[in-house]
J.: 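Let me give you the structure first, and then I'll get to my questions.
Chain letters run A, B, ... following the sequence lines, proteins first and then strands; every chain starts at 1.
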Number of protein chains: 2
Amino acid sequence: MVRFIGNIDAKMDEKGRVFFPAVFRRTLQKEGDEALMIRKDIHQNCLVLYPKSVWNQQLDELRSRLNRWNAQQQMVFRQFVAGVDELPIDGNGRILIPKRLQQMAALQASVRFIGMDDTIELWAKETADSLLDNPAALGETLEALMDF
Amino acid sequence: MVRFIGNIDAKMDEKGRVFFPAVFRRTLQKEGDEALMIRKDIHQNCLVLYPKSVWNQQLDELRSRLNRWNAQQQMVFRQFVAGVDELPIDGNGRILIPKRLQQMAALQASVRFIGMDDTIELWAKETADSLLDNPAALGETLEALMDF
DNA sequence: TTTTTTGTGGGGAATTGTGGGGAAATGTGT
DNA sequence: ACACATTTCCCCACAATTCCCCACAAAAAA
């Protein structure tokens with residue numbers, strides 16, 4: 001079971017290249033998983049990186065719940081799959097973020113990787129910082145969720 | 001059950017390394033737990049150290065209650081893991097505090113470890129000192145909580 | 001006092017991260 | 001088909017950080 005942990009700040013150069021953090025690369029290799037998939041998050045303004053095996057797994061799960069003859073459900077599936085790219089790691093250990101996705105997530109020079117269990121999220125640093133600005137709300141939600 | 005007790009002052013060097021107090025290390029080892037997790041406290045201006053097993057337990061607990069396809073619940077999970085890092089103990093028994101977190105907690109050379117039951121807090125010494133100045137509020141809260 | 005454990009400091013190698021040049025590949029319009 | 005711009009890829013150089021090692025001070029134990 002893959003488990004990415006940690007938060008790494010990095011810089012994207014003008015060419016759209018970002019060093020893929022060594023911690024995560026090790027985690028990836030430990031799973032014998034080399035390839036990454038990238039897509040825009042459905043809800044949030046960030047990018048999601050999947051080890052290919054995790055991606056396939058989620059795809060299977062989704063597919064199994066959808067009726068392929070139902071137009072609306074088929075549309076959901078299409079939206080999920082469309083816009084996904086494979087993301088090779090270059091000789092320097094860097095990844096190249098497609099322009100399309102850079103814009104979608106409003107990535108500037110400063111970005112942040114966030115280990116999210118079995119996926120990794122990639123945020124514009126400024127956007128990520130503002131995430132942590134709402135401790136009160138989080139506190140309440142957590143309190144409600146974990147109350148037992 | 002882990003239970004950390006005590007206040008220990010220590011010094012952080014220019015590289016951001018701090019000796020992890022021997023008392024706590026023993027407690028940790030007694031649990032067969034080697035690794036630590038670190039994050040900024042949600043409410044206070046300090047850092048929290050979790051034995052990895054405690055952290056994983058909380059994470060699993062949370063994960064099992066959340067639906068990853070639900071935007072709001074995914075956000076809760078994200079906020080929970082955002083800012084967390086793994087914190088290995090080096091050959092000298094020291095930990096290396098990530099720059100990002102040093103700044104968040106305004107750590108200088110003088111720091112203080114505070115045993116908080118199953119976690120350990122790490123404060124800038126000056127900040128910790130000024131906290132003890134408010135016994136009145138503590139009294140009230142305790143009174144309200146323990147009234148039965 | 002001597003020995004052991006705990007805590008501080010620093011040098012330097014190895015790894016990680018950043019930047020840029022320019023060749024190859026791809027796409028665009030004429 | 002051709003010239004041109006854009007994007008991708010492969011290479012090198014270097015800066016920054018982390019890791020590993022050793023030395024030693026300070027405190028506690030023997």
J.: Taking only N and O in the side chain of Arg17(A), is any of them less than 4.0 Å away from OP1 or OP2 of dG17(C)?
T.: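 The answer is no; no side-chain N or O of Arg17(A) sits under 4.0 Å from OP1 or OP2.
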J.: Identify, between Ile97(A) and Asp90(B), the residue whose nearest nucleotide on DNA chain D lies closer to the 5' end.
T.: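 Counting from the 5' end, the first nearest nucleotide belongs to Ile97(A).
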J.: Between Arg94(B) (CZ) and dC24(D) (C1'), how many Å, whole number?
T.: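 After rounding, the gap between these two atoms is 12 Å.
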J.: Take atom CD1 of Ile8(A) and atom C1' of dT15(C), then tell me their distance rounded to the nearest Å.
T.: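 It works out to 15 Å between those atoms.
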J.: Determine whether the aromatic ring centres of Trp69(A) and Phe77(A) lie less than 6.0 Å apart.
T.: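 Ring-ring flag for Trp69(A)/Phe77(A): false, centres at least 6.0 Å apart.
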J.: Would you say Leu96(B) ends up clustered with Val111(B) if hydrophobic residues are merged whenever their side chains have heavy atoms under 4.5 Å apart, either directly or through other cluster members?
T.: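 No, no single cluster joins them.
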J.: For Ile95(A) and dC10(D), what is the distance between atoms CD1 and C1' respectively, to the nearest whole Å?
T.: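 In whole Å, dC10(D) C1' lies 17 Å from Ile95(A) CD1.
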J.: Over all strands shown, is Lys15(B) touching base, sugar-phosphate only, or nothing at heavy-atom distances under 4.0 angstrom?
T.: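 Base, at least one base heavy atom under 4.0 Å.
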J.: Roughly how many Å is it from CZ in Arg26(A) to C1' in dT18(D), rounded to a whole number?
T.: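 Distance, rounded to whole Å: 10 Å.
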J.: Taking all heavy atoms of Met12(A) and all of Ile97(A), pick out the closest pair and write down the distance.
T.: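 Heavy-atom minimum between the residues: SD-CG1, 4.4 Å.
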J.: Rounded to the Å, how far apart are Phe20(A) CZ and dC9(D) C1'?
T.: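 Distance, rounded to whole Å: 19 Å.
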J.: Record whether the side chain of Asn92(B) comes under 3.5 Å of the base of dG9(C) through a donor-acceptor pair of N or O atoms.
T.: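 Present.
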J.: Check whether any side-chain nitrogen or oxygen of Arg25(B) sits under 4.0 Å from OP1 or OP2 of dT5(C), and answer yes or no.
T.: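 No, no such contact exists.
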J.: Can you confirm whether more than 12 heavy atoms, excluding those of Gln29(B), are under 6.0 Å from its CD atom?
T.: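 Enclosed.
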J.: Return yes if a side-chain donor-acceptor contact under 3.5 Å exists between Trp123(A) and Glu121(A), otherwise no.
T.: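 Trp123(A) vs Glu121(A): donor-acceptor pair found between side chains.
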J.: Separation of Met12(A) atom CE from dG20(C) atom P, in whole Å?
T.: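 Nearest whole value for this atom pair: 14 Å.
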J.: Round to the nearest Å and state the distance from Lys99(A) atom NZ to dG27(C) atom P.
T.: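 Computing the Lys99(A):NZ to dG27(C):P distance gives 15 Å.
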J.: Looking only at side-chain atoms of Phe19(A), point me to the closest of dT8(D), dT17(D), dG17(C).
T.: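 The closest nucleotide is dG17(C).
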J.: Grab the NZ-C1' distance between Lys11(A) and dA16(D) for me, whole Å please.
T.: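 Distance check: Lys11(A) NZ to dA16(D) C1' gives 11 Å.
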